[in-house]
A.B. asks: 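If you scroll down you'll find the structure; I have some questions about it.
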Amino acid sequence: MSAMINAGRMDAEKLRRIVECKTVADAFKMLGDYGYAYSDGMSVDGFIVNETNSLIRFIEDNAPGEKTAEALLARFKYNNAKLAYKSRFAPVPSDGYYDVDLDVKAIADGDYSEVDGFMADALTLLDEQKSTDPLEIDLALTRAMYAYVLSVNSPLIKKYFRAEIDMKNILSYARMKKLNISGDQFIAGGKVDVSKADDDFMEYLERTPYEGYAARMAENDFSDLWKTELEADDYLFCLTRRDVADFGSLTPFLNYYTETLIELKTVKTALVCIKTDSRELFYKRIPEIYR
């Protein structure tokens with residue numbers, strides 16, 4: 001009930017008003033009228049992190065169980081771990097860290113004694129490989145994050161994140177096809193092992209939930225992959241939407257979590273389009289739930 005009350009903060013008309021603001025400062029003021037928190041001099045990334053922290057607090061206060069909370073907070077903890085590890089050899093934004101229970105200084109110093117086993121193993125392996133490649137670091141910790149989340153004994157959590165893994169893997173496959181490159185960019189744990197698709201991409205995904213998704217992705221020789229990212233968000237939203245009024249399940253809570261992540265991503269896109277004076281792009285990249 002709490003999740004449903006807090007949902008639906010943004011809609012198409014509000015987004016239109018925001019993106020038509022003359023400056024980012026004007027947009028921040030309008031967002032303040034819609035219930036968002038901002039302060040003068042705040043960066044776009046700082047604003048999004050601050051709003052994400054509100055979602056984090058909501059999860060901590062309302063999740064029906066510690067394991068559920070830990071699973072849903074994992075993406076934020078692992079984001080902080082990525083930044084902390086990279087801070088050893090490159091500057092990272094000070095306002096890029098989320099407000100979660102993770103000692104980033106310890107990670108930066110090479111102390112992994114207080115993190116979960118999946119994260120500790122990934123960080124230790126990165127140390128052994130002496131890795132300084134940001135993409136390699138991101139992939140290693142993303143894989144560890146999903147392994148950790150799937151270790152939570154919740155059928156709905158597993159169904160949700162396995163779908164997320166599948167869509168990320170399908171998108172990775174498409175990007176490699178578009179760039180004509182190969183490599184192991186896939187994440188374990190999904191229901192569909194895209195690494196086995198080879199050149200039979202469409203045939204491999206026949207009679208799976210992703211058949212239409214893959215077909216639209218392959219149109220025009222994988223040229224419009226940004227549409228695929230939007231569709232992945234919409235898929236995860238719809239996955240938890242069907243039973244959104246079932247107050248005896250985790251579904252309304254998970255749907256609110258998904259909706260808020262989409263909302264913040266969309267608001268960030270609007271703010272960036274204002275900043276770069278490319279407002280027309282926003283209307284092409286608005287998620288289906290706001291159309």
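Given the structure is predicted, the values throughout are model-derived calculations rather than measurements. Hydrogens, waters and symmetry mates are skipped; everything else that's a heavy atom, side chains included, is used.
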A.B. asks: Check this for me, if you would: do Asp184 and Arg143 make a salt bridge, where the nitrogen-to-carboxylate-oxygen distance has to be below 4.0 angstrom?
C.D. replies: yes
A.B. asks: Determine the minimum heavy-atom distance between Val92 and Tyr97, stating which atoms define it.
C.D. replies: CG2-OH, 3.7 Å
A.B. asks: How are the rings of Phe47 and Phe28 set relative to one another: parallel (under 30°), tilted (30 to 60°) or perpendicular (over 60°)?
C.D. replies: tilted
A.B. asks: Can a salt bridge be assigned to the pair Lys168 and Asp166 using a cut-off of 4.0 Å between side-chain N and carboxylate O?
C.D. replies: no
A.B. asks: So, Asp127 and Tyr112: side-chain donor and acceptor under 3.5 Å apart, yes or no?
C.D. replies: yes
A.B. asks: So how far is it from Tyr160 OH to Leu236 CG, rounded to the nearest 0.5 Å?
C.D. replies: 5.0 Å
A.B. asks: I need the Tyr146 OH to Glu164 CD distance, nearest 0.5 Å.
C.D. replies: 3.5 Å
A.B. asks: To the nearest 0.5 Å, tell me how far Leu72 CG sits from Thr258 OG1.
C.D. replies: 8.5 Å
A.B. asks: Could you check Val100 against Ile56 for side-chain contact (heavy atoms from CB on, under 4.5 Å), going step by step and ending with a plain yes or no?
C.D. replies: CA-CA 8 Å; Val100 288; Ile56 289 168; 3.6 Å; yes
A.B. asks: Under a 3.5 Å cutoff, is there a donor and acceptor pairing between the side chains of Lys82 and Thr142?
C.D. replies: yes
A.B. asks: How about Glu114: does its CD atom have over 12 heavy atoms from other parts shown lying under 6.0 Å from it?
C.D. replies: no
A.B. asks: In terms of hydrophobic clustering (I, L, V, M, F, W, Y; side-chain heavy atoms under 4.5 Å; direct or indirect links), are Met145 and Val152 co-clustered?
C.D. replies: no
A.B. asks: Would you compute the distance between atom CG of Asn79 and atom CG of Leu102 and round it to the nearest 0.5 angstrom?
C.D. replies: 10.0 Å
A.B. asks: Centroid-to-centroid, Phe253 to Phe58, below 6.0 Å?
C.D. replies: yes
A.B. asks: Could you work out, with salt bridge (Lys or Arg N to Asp or Glu O under 4.0 Å) as the rule, every residue matching Lys29, not counting sequence neighbours?
C.D. replies: none
A.B. asks: Between Asp101 and Lys77, is the closest basic N to carboxylate O distance under 4.0 Å?
C.D. replies: no
A.B. asks: Could you tell me which residues satisfy salt bridge (Lys or Arg N to Asp or Glu O under 4.0 Å) with Asp138, sequence neighbours excluded, listed by chain and number?
C.D. replies: Lys86
A.B. asks: What verdict does the side-chain contact (heavy atoms from CB on, under 4.5 Å) test give for Glu263 and Glu51, after you've listed the backbone C-alpha separation in whole Å, the side-chain angles of each residue and the deciding distance to 0.1 Å?
C.D. replies: CA-CA 10 Å; Glu263 172 191 301; Glu51 284 299 321; 5.8 Å; no
A.B. asks: Apply the test side-chain contact (heavy atoms from CB on, under 4.5 Å) to residues Ile165 and Leu150: give CA-CA distance (whole Å), side-chain angles for both, the deciding distance (0.1 Å), then the verdict.
C.D. replies: CA-CA 11 Å; Ile165 290 168; Leu150 293 178; 3.8 Å; yes
A.B. asks: Any side-chain donor paired with an acceptor under 3.5 Å for Ser54 and Arg57?
C.D. replies: yes
A.B. asks: Do NZ/NE/NH1/NH2 and the carboxylate oxygens of Glu13 and Arg16 come within less than 4.0 Å?
C.D. replies: yes
A.B. asks: Using a distance-only test with no angle check, is there a side-chain donor-acceptor pair under 3.5 angstrom linking Asp111 and Ser113?
C.D. replies: yes
A.B. asks: Which is it for Glu70 and Asp116 under the side-chain contact (heavy atoms from CB on, under 4.5 Å) test, yes or no, and what are the steps along the way?
C.D. replies: CA-CA 11 Å; Glu70 288 297 316; Asp116 70 78; over 6 Å; no
A.B. asks: Taking side chain as C-beta onward, heavy atoms only, is Ile262 less than 4.5 Å from Pro287?
C.D. replies: yes
A.B. asks: Please say whether the positively charged group of Arg279, taken as NZ for Lys or CZ for Arg, lies over the ring of Tyr283, i.e. under 6.0 angstrom from the six-membered ring centre and within 45 degrees of the axis.
C.D. replies: no
A.B. asks: Would you name the heavy atoms of Ala71 and Phe161 that are closest together and state the gap between them?
C.D. replies: O-CZ, 4.1 Å
